[in-house]
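What follows is a single structure, written as structure tokens, with notes after it.
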Number of protein chains: 2
Amino acid sequence: MVRTARFSAEHFIDAAIALVAEGGPGAATMQAIARRVGGPTGSIYHRFASRSAILAAAWNAGYGSLVQVLVPLLHAGRPREAALALLPWAGEDRHRARFVLLHEPVALFEDAPPPEPLRQEMERLETGMDEAFGACIGRVGGGAIREEDLARAKFLIFDAPIAILRPHLLSENPVPSFAGQMIAELHAGVPFASASHRAGTTQAA
Amino acid sequence: MVRTARFSAEHFIDAAIALVAEGGPGAATMQAIARRVGGPTGSIYHRFASRSAILAAAWNAGYGSLVQVLVPLLHAGRPREAALALLPWAGEDRHRARFVLLHEPVALFEDAPPPEPLRQEMERLETGMDEAFGACIGRVGGGAIREEDLARAKFLIFDAPIAILRPHLLSENPVPSFAGQMIAELHAGVPFASASHRAGTTQAA
DNA sequence: ATTCAATTAGATTAATCATTCTAGAATGGT
DNA sequence: ACCATTCTAGAATGATTAATCTAATTGAAT
């Protein structure tokens, strides 16, 4: 019934991720994406409504794959495993890891906000992560969840491991083996509940 | 002898920092900088050779002010104080803090590298920080400095505190009071020397 | 008062970008 | 064989950008 496509949405998404990973958001121009897949710029617009759309789709694909790894571990009450799971995930696909871990989503949409359905999917992913952190904290501790404890959990499980990875993602060198031990020692030494609130509470790390 | 300048280099630098802080690197166009100070674009080129030049000068000013706070504390062998010093520094000037802590320098120079003298000043600042970390580690421990221990120190003193600040810099809300305690607990619970190398060594945190 | 280099002022240029448009090619059902 | 549809292909468009250029001011030193 129709002509077969030479370039899929995934082709364009992968090219966009690689370009951002290598040269920053500004390097992912429509023409650069087209050049990378070897097609004309017009073909991108058969799959995506705009540049924001393809960047948002790329973000949802990349960040989504990370969410898919972390959320089940968090809901299972395994924060330490979740933190360590960042390492193999980053090793799987360096372009994807640089794209997701080295760029704030807001920086990708300086010019124009992504179209509504993609923006909603972004929000859904972020909400899923937040709920998973909350569930993990709730399981570890006991009572109501305080904002401070949520911030603490996000730091220990997500932001701190990323901070450990960042210097090695910024350089060309691979992630050294001691990164895993640094994460492990962090979780062994720093409690999830704050010191002022910790009396008689189950210890997480 | 000459006409008095209405716009100084600092005016343009401050505008560039504020624009990047508010809207990302892409928002700091030459025209946006000129508009913000209320002058013509041409005047910027009387102070700076190019866009990369003003961005590099802005980076050196912002990061330089942070280096000026941290390096003396590191050379004095006070890593904990250095880590905590990030908080008042960030509170002093939110635009500057967002500019320096939320953007990798490499992301500011996607298009063109900064002119040589400014690039050298950037390198000088980075080298100064590296030497200070090394001196601090050397003082804390005893023997030769291992790469792993340097990475560990940079994480505990610099990258981890930034990771604690980042979510609050990204939002509009002020940095909460518990940020300081998180840094303190991090330094209380995680050693500077790795576990495998720690036997009989002075504890830093 | 005159001079003159530094500066303001903003129009101009050339490049680049996202997006649209026109044209033709491929595919599978009729 | 033909048609409807989806795609490739890349030229055209209009906006925006960094950087340059010409001309008009300014104000302290002479």
Side-chain angles (χ1 to χ4, degrees), chain A residues 1-20 22-59 107-116 118-119, chain B residues 1-17 19-20 22-59 107-119:
Chain A
M1 183 73 150
V2 295
R3 176 177 184 172
T4 54
R6 249 166 46 104
F7 312 110
S8 70
E10 271 203 350
H11 284 145
F12 293 122
I13 288 177
D14 289 348
I17 288 177
L19 285 165
V20 173
E22 289 170 359
T29 68
M30 296 304 262
Q31 339 225 1
I33 295 170
R35 200 178 318 131
R36 191 164 184 120
V37 306
T41 64
S43 288
I44 307 178
Y45 287 90
H46 275 272
R47 312 282 176 192
F48 304 97
S50 64
R51 191 178 106 100
S52 328
I54 187 172
L55 288 178
W59 177 263
L108 298 172
F109 309 109
E110 280 177 13
D111 310 307
E116 200 43 42
L118 287 166
R119 202 196 57 80
Chain B
M1 181 76 147
V2 297
R3 177 177 183 171
T4 55
R6 250 166 47 106
F7 313 110
S8 70
E10 271 202 350
H11 284 144
F12 293 123
I13 287 177
D14 289 348
I17 288 176
L19 284 165
V20 173
E22 289 170 359
T29 68
M30 296 304 262
Q31 339 223 3
I33 295 169
R35 200 177 319 129
R36 190 164 185 120
V37 304
T41 64
S43 288
I44 306 177
Y45 287 91
H46 275 272
R47 313 279 176 195
F48 303 97
S50 64
R51 192 178 105 100
S52 329
I54 187 173
L55 288 178
W59 177 262
L108 299 172
F109 309 109
E110 281 177 12
D111 310 306
E116 200 43 43
L118 287 165
R119 201 197 57 79

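Here is how names work: the chains are called A, B, and so on, in the same order as the sequence lines, proteins then strands, and each is numbered from 1. Predicted model, so just to flag it, every value in this text is computed and none were measured.
Out of C:dT7, D:dA18, C:dA18, the shortest distance to the side chain of B:Arg47 is found at C:dT7. The side chain of A:Pro40 sits closest to D:dT8 out of D:dT8, D:dT17, C:dG10. You'll find that the side chain of A:Thr41 is closest to C:dT20, out of D:dA19, C:dT20, C:dT8. Nearest to the side-chain atoms of A:Thr29 among the listed nucleotides D:dA9, D:dC7, C:dC17 stands C:dC17. Side chain of A:Thr4, nearest nucleotide from D:dT17, C:dA26, C:dC17: C:dA26. You'll find that the side chain of B:Tyr45 is closest to D:dT20, out of D:dC7, D:dT20, C:dC17. Nearest to the side chain of A:Phe7, among C:dA18, D:dA19, D:dT8, sits D:dT8. In the set D:dA18, D:dA9, C:dT7, the nucleotide with an atom closest to the side chain of B:His46 is C:dT7.
One interatomic measurement links the two molecules: NE2 of A:His11 to P of D:dT8, which rounds to 11 Å at whole-angstrom precision. One interatomic measurement links the two molecules: CE of A:Met30 to P of D:dT8, which rounds to 13 Å at whole-angstrom precision. Taking atom CD of residue B:Gln31 and atom C1' of nucleotide C:dT13, one finds them 13 Å apart after rounding to whole Å. Summarising the geometry, the separation between CZ on A:Phe109 and P on C:dA18 is reported as 14 Å, rounded to the nearest angstrom. Per the geometry, CZ belonging to B:Arg51 stands 16 Å off P belonging to D:dT16, to the nearest Å. Summarising the geometry, the separation between CD1 on B:Ile44 and P on D:dA18 is reported as 9 Å, rounded to the nearest angstrom. Taking atom CZ on A:Phe48 and atom P on C:dT20, their separation rounds to 16 Å, with Å as the unit. Counting to the nearest Å, the P atom of C:dA14 and the CG atom of B:Asp111 are 21 Å from each other.
The aromatic rings of B:Phe48 and B:Phe12 sit perpendicular, their planes meeting at an angle over 60°, well past the 30° parallel limit.
Taking 4.0 angstrom as the limit, B:Arg6 places none of its side-chain polar atoms (N or O) nearer than this to OP1 or OP2 of C:dT8. Between B:Ser43 and the phosphate of C:dT7, there is no side-chain N or O to OP1/OP2 separation shorter than 4.0 Å.
Pairing each heavy atom of B:Ala15 with each of B:Val37, the nearest pair is CB-CG1, 3.7 Å. When all heavy atoms of A:Ala16 and A:Ile33 are compared, the closest pair comes out as CB-CD1, 4.0 Å.
The nearest heavy atom of DNA chain C to B:Gly42 and to A:Ala28 marks one nucleotide each, and the one closer to the 5' end goes with B:Gly42.
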* Could you go step by step and tell me if B:Met30 and B:Tyr45 meet the side-chain contact (heavy atoms from CB on, under 4.5 Å) rule? -> CA-CA 9 Å; B:Met30 296 304 262; B:Tyr45 287 91; 3.4 Å; yes
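Under a cut-off of 6.0 angstrom, the local environment of CD in A:Glu10 is sparse, with at most 12 non-hydrogen atoms contributed by other residues, nucleotides or ligands.
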